[in-house]
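Since the structure comes first, as structure tokens, the remarks are kept for the end.
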Amino acid sequence: MPRRLLSAAALFAALPAYAADPSSTPTAPANAAALALNIAAETSASNAQTATIAALSERLRRLEQQLARSQPPSPAPSASPADSSTNNNTDTLVALDQRLRIIERQLELQQEDATAKAASVPVVTVNDKGLSARNAKGDFEIKLRGTVQADQRLFFGDNALPQNDTFLFRLVRPTLEGSLGSLVGFRITPDFAGDSATLVDAYVDLRFNPAYTLRVGKFISPIGLERLQSSSSTASIERGFPTELAPNRDLGVQLQGELAAGRINYALGVFNGAPDGRDAPTIDGDDHFEAAARIFFEPWKNSANAWSGFGFGIAASQGEKEGAGNNFLPRYRTPGQNQFFAYRSTVLADGSHTRFSPQAYYYRNAFGLLGEYISSRQELALNGKPTTRITLRNDAWQLTGSWVLTGEDASYRGVVKPAHPFEPGSNGWGAFELVARYGELDIDDRAFPLYADAATSASNARAWGLGLNWYLTSNLKLVFNHSRAHFAGGAAKGADREDEKTFFSRVQVSF
């Protein structure tokens with residue numbers, strides 16, 4: 001019989017004797033009281049055990065439900081909180097505790113397994129910046145980007161020098177870039193806009209440290225400020241006159257990095273050597289290299305003041321060139337991309353070629369201003385004759401201003417991101433930006449008439465342009481540009497070349 005029932009029986013057995021002769025059993029009341037207290041204590045303990053069993057049973061039920069979501073629970077001894085006996089309560093508590101330990105361990109193992117799987121599952125992201133896939137650690141990553149530019153070109157008043165009004169693809173460039181661990185980065189960009197595919201960028205970065213990264217391959221030479229902008233981020237459809245004097249993409253090796261928390265950027269490289277305004281040939285045509293360097297300062301970068309968007313710097317290049325033709329000598333173009341200057345076919349690059357370029361920009365809220373100057377000095381000769389060697393200097397400069405009418409921030413590094421993207425049937429119209437530019441390219445007067453023909457090549461070109469950029473979304477941009485260019489010389493009998501008047505438009509999709 002359970003102990004609690006025995007105590008109760010003893011209590012009831014003692015009560016009659018005490019009632020018959022209270023004096024003969026002086027200890028009976030005390031014994032009865034003690035027995036009553038004992039029963040009460042045991043009853044309280046039993047109730048506490050019952051409550052504990054109920055709580056553990058509820059916890060067990062919840063854990064079993066959680067475990068059942070991923071796998072069927074393993075068989076275990078059943079326990080019923082309804083048994084009120086002390087021994088059964090004790091057995092039930094032991095069984096519940098054992099079952100809880102088993103289920104908690106199973107859940108721990110599941111969590112460990114889920115954590116291990118998460119560490120090996122790649123993360124795929126698709127957003128307005130393109131498609132990317134990376135491992136869980138983030139050191140291996142592949143990104144797919146792209147830019148498509150479809151243009152329309154219209155020319156007005158082109159009676160003396162008729163130009164073709166046309167539609168064309170200006171760029172069709174998919175880009176594959178990424179990281180192969182924390183050390184190696186890469187970028188590959190072809191262009192399918194022309195009659196045949198070309199390789200625009202193809203390089204590998206060895207990222208030893210943000211302060212020093214080694215880049216090897218084909219990429220933009222670090223000279224022109226506007227040339228270094230992404231093609232999808234320029235304020236106007238075509239770049240200004242200084243870009244005609246800056247090298248475009250070249251093959252070589254470059255050390256680059258950021259110092260002072262990004263306030264100083266530098267680049268120092270050795271390249272095959274590209275002519276003004278053009279890419280370098282795939283294979284170097286002479287036995288010389290070209291060194292190029294650039295340092296750019298942003299003293300108040302990330303500071304909460306009006307000068308946080310101010311940057312200035314200087315770039316220069318020096319090399320040797322020996323040869324004739326487009327791989328060695330420049331052909332300068334108008335804002336409408338028509339050639340207005342070229343050297344005579346008998347002229348050869350025959351010696352030193354140097355460039356010098358001070359440059360700066362300022363961006364503050366919706367306002368942007370970019371300015372640069374480039375001077376290019378090239379040693380030339382006629383048919384390789386040393387007696388005709390001469391060093392000619394050509395100069396170009398520009399100022400480009402912009403204002404985002406809808407109030408979004410302007411930036412050198414990226415397109416405007418509209419606060420209210422365009423959506424049919426809604427109040428969102430995207431962002432609007434006004435652009436104005438003025439620039440000039442001046443040819444050394446000593447180039448005429450021996451090294452260039454004044455009847456076909458102008459000695460000076462000045463141009464201004466106005467533009468409207470409509471950023472419907474962060475990926476879709478419409479551009480409208482009007483430009484006028486004026487020339488000195490470049491026509492028969494010493495006359496000036498006919499002014500160039502253009503209206504260009506563009507649809508750009510980038511991601």
Side-chain angles (χ1 to χ4, degrees), residues 220-228 238-251 271-282 284-286 288-290 292 315-357 372-384 388-398 439-454 456-463 485 487-490 497 500:
I220 298 176
S221 185
I223 301 297
L225 181 62
E226 192 179 29
R227 169 56 70 188
L228 289 169
E238 299 295 345
R239 292 178 171 90
F241 282 135
T243 299
E244 290 298 303
L245 272 63
N248 194 0
R249 286 169 169 83
D250 207 342
L251 282 81
F271 303 90
N272 281 343
D276 290 351
R278 297 292 185 271
D279 289 348
T282 303
D284 192 12
D286 58 14
H288 303 292
F289 293 114
E290 182 174 82
S317 67
Q318 200 282 325
E320 300 283 329
K321 288 185 175 66
E322 292 183 4
N326 297 332
N327 289 338
F328 299 93
L329 295 174
R331 296 166 295 156
Y332 298 137
R333 297 171 297 182
T334 68
Q337 301 302 290
N338 295 308
Q339 179 179 304
F340 76 91
F341 176 85
Y343 290 106
R344 294 181 182 272
S345 60
T346 56
V347 176
L348 284 73
D350 191 33
S352 176
H353 184 197
T354 62
R355 301 182 186 94
F356 173 75
S357 176
E372 63 178 323
Y373 166 87
I374 295 183
S375 177
S376 175
R377 296 171 179 264
Q378 174 71 61
E379 196 168 7
L380 306 172
L382 289 175
N383 293 320
T388 61
R389 183 175 288 117
I390 189 175
T391 299
L392 299 180
R393 169 183 158 181
N394 304 323
D395 305 300
W397 64 272
Q398 72 158 331
E440 180 180 13
L441 195 159
D442 188 64
I443 306 297
D444 195 318
D445 291 337
R446 295 175 297 163
F448 304 96
L450 192 59
Y451 299 89
D453 185 357
T456 58
S457 294
S459 61
N460 180 274
R462 293 172 289 116
F487 306 94
R497 178 188 174 109
E500 180 185 75

Are the side chain of Thr334 and the backbone N or O of Gly336 linked by a donor-acceptor pair below 3.5 Å?
yes
Please identify each residue that fulfils ring pair (Phe, Tyr, Trp, His ring centres under 6.0 Å) with Phe328, with sequence neighbours left out.
none
If you take all heavy atoms of Ala452 and Ala342, which pair is closest and at what distance?
CB-O, 3.9 Å
Is there a side chain to side chain donor-acceptor pair (under 3.5 Å) between Arg333 and Asn338 once you walk through the steps?
CA-CA 5 Å; Arg333 297 171 297 182; Asn338 295 308; over 6 Å; no
Taking Thr391's backbone N and O only, do any of them form a donor-acceptor pair with Arg446's side chain (distance below 3.5 Å, no angle check)?
yes
I want to check something: taking the side chain as every heavy atom from C-beta on, are His288 and His353 in contact at a cut-off of under 4.5 Å?
no
Go through the steps to decide whether Asn326 and Arg331 satisfy the test side chain to side chain donor-acceptor pair (under 3.5 Å), and finish with yes or no.
CA-CA 8 Å; Asn326 297 332; Arg331 296 166 295 156; 3.2 Å; yes
Correct closest heavy-atom pair for Ala292 and Ile223 would be CB-CD1, 4.1 Å
Would you say that Arg389 contacts Leu380 through its side chain, given a criterion of any heavy-atom pair below 4.5 Å between the two side chains?
no
Please evaluate residues Trp397 and Glu372 with respect to the criterion side chain to side chain donor-acceptor pair (under 3.5 Å), reporting the C-alpha separation (whole Å), side-chain torsions for both, the decisive distance (0.1 Å), and the verdict.
CA-CA 6 Å; Trp397 64 272; Glu372 63 178 323; over 6 Å; no
I'd like to check the side chain to side chain contact (heavy atoms under 4.5 Å, CB included) partners of Arg393; sequence neighbours left out, ordered by chain and number.
Tyr373, Ser375, Arg377, Asp395, Asp444
Which word best sums up how the rings of Phe340 and Phe241 line up, parallel for under 30°, tilted for 30 to 60°, or perpendicular for over 60°?
perpendicular
Arg344 meets the side chain to side chain contact (heavy atoms under 4.5 Å, CB included) criterion, sequence neighbours left out, with Thr346, Val347, Asp453
Would Thr388 and Ile390 satisfy side-chain contact (heavy atoms from CB on, under 4.5 Å), going step by step from the backbone distance to the final call?
CA-CA 6 Å; Thr388 61; Ile390 189 175; over 6 Å; no
What do the steps show when you test Arg278 against Arg249 for side-chain contact (heavy atoms from CB on, under 4.5 Å), and what is the final call?
CA-CA 7 Å; Arg278 297 292 185 271; Arg249 286 169 169 83; over 6 Å; no
If only atom types and distance count, is the side chain of Ser221 paired as donor or acceptor with the main-chain N or O of Pro247 below 3.5 Å?
no
On a heavy-atom basis, which atom in Ile374 and which in Ser357 lie closest, and how many Å separate them?
CG1-OG, 3.3 Å
What is the minimum heavy-atom distance between Pro281 and Leu251, and which atoms define it?
O-CD1, 4.0 Å
Here the pair of heavy atoms bringing Asp442 nearest to Ser459 is OD1-O, 3.6 Å
For the pair Gln318 and Ser352, evaluate side chain to side chain donor-acceptor pair (under 3.5 Å) and give the outcome as yes or no after the intermediate values.
CA-CA 7 Å; Gln318 200 282 325; Ser352 176; 3.2 Å; yes
The criterion is side chain to side chain contact (heavy atoms under 4.5 Å, CB included); which residues satisfy it with Ala280, sequence neighbours excluded?
Asp250, Ala274
Is there a donor-acceptor pair under 3.5 Å between the side chain of Ser376 and the backbone N or O of Asn394?
no
Contact summary for Ala458 and Phe448, nearest pair of heavy atoms
O-CZ, 3.8 Å
Residues forming a salt bridge (Lys or Arg N to Asp or Glu O under 4.0 Å) with Glu290, sequence neighbours excluded:
Lys321, Arg355
With sequence neighbours excluded, what pairs up with Pro330 under the side chain to side chain contact (heavy atoms under 4.5 Å, CB included) test?
Asp276, Tyr332, Tyr343
For Gln398 and Glu440, test the side chains for any donor-to-acceptor distance below 3.5 angstrom and give the result as yes or no.
no
Keeping the roles fixed (side chain from Arg239, backbone from Glu226), state whether a donor-acceptor pair exists under 3.5 Å.
yes
Is Asp350 close to Glu379 at the side-chain level, that is, under 4.5 Å between some pair of heavy atoms?
no
pair Leu441-Leu245: side-chain heavy atoms closer than 4.5 Å
yes
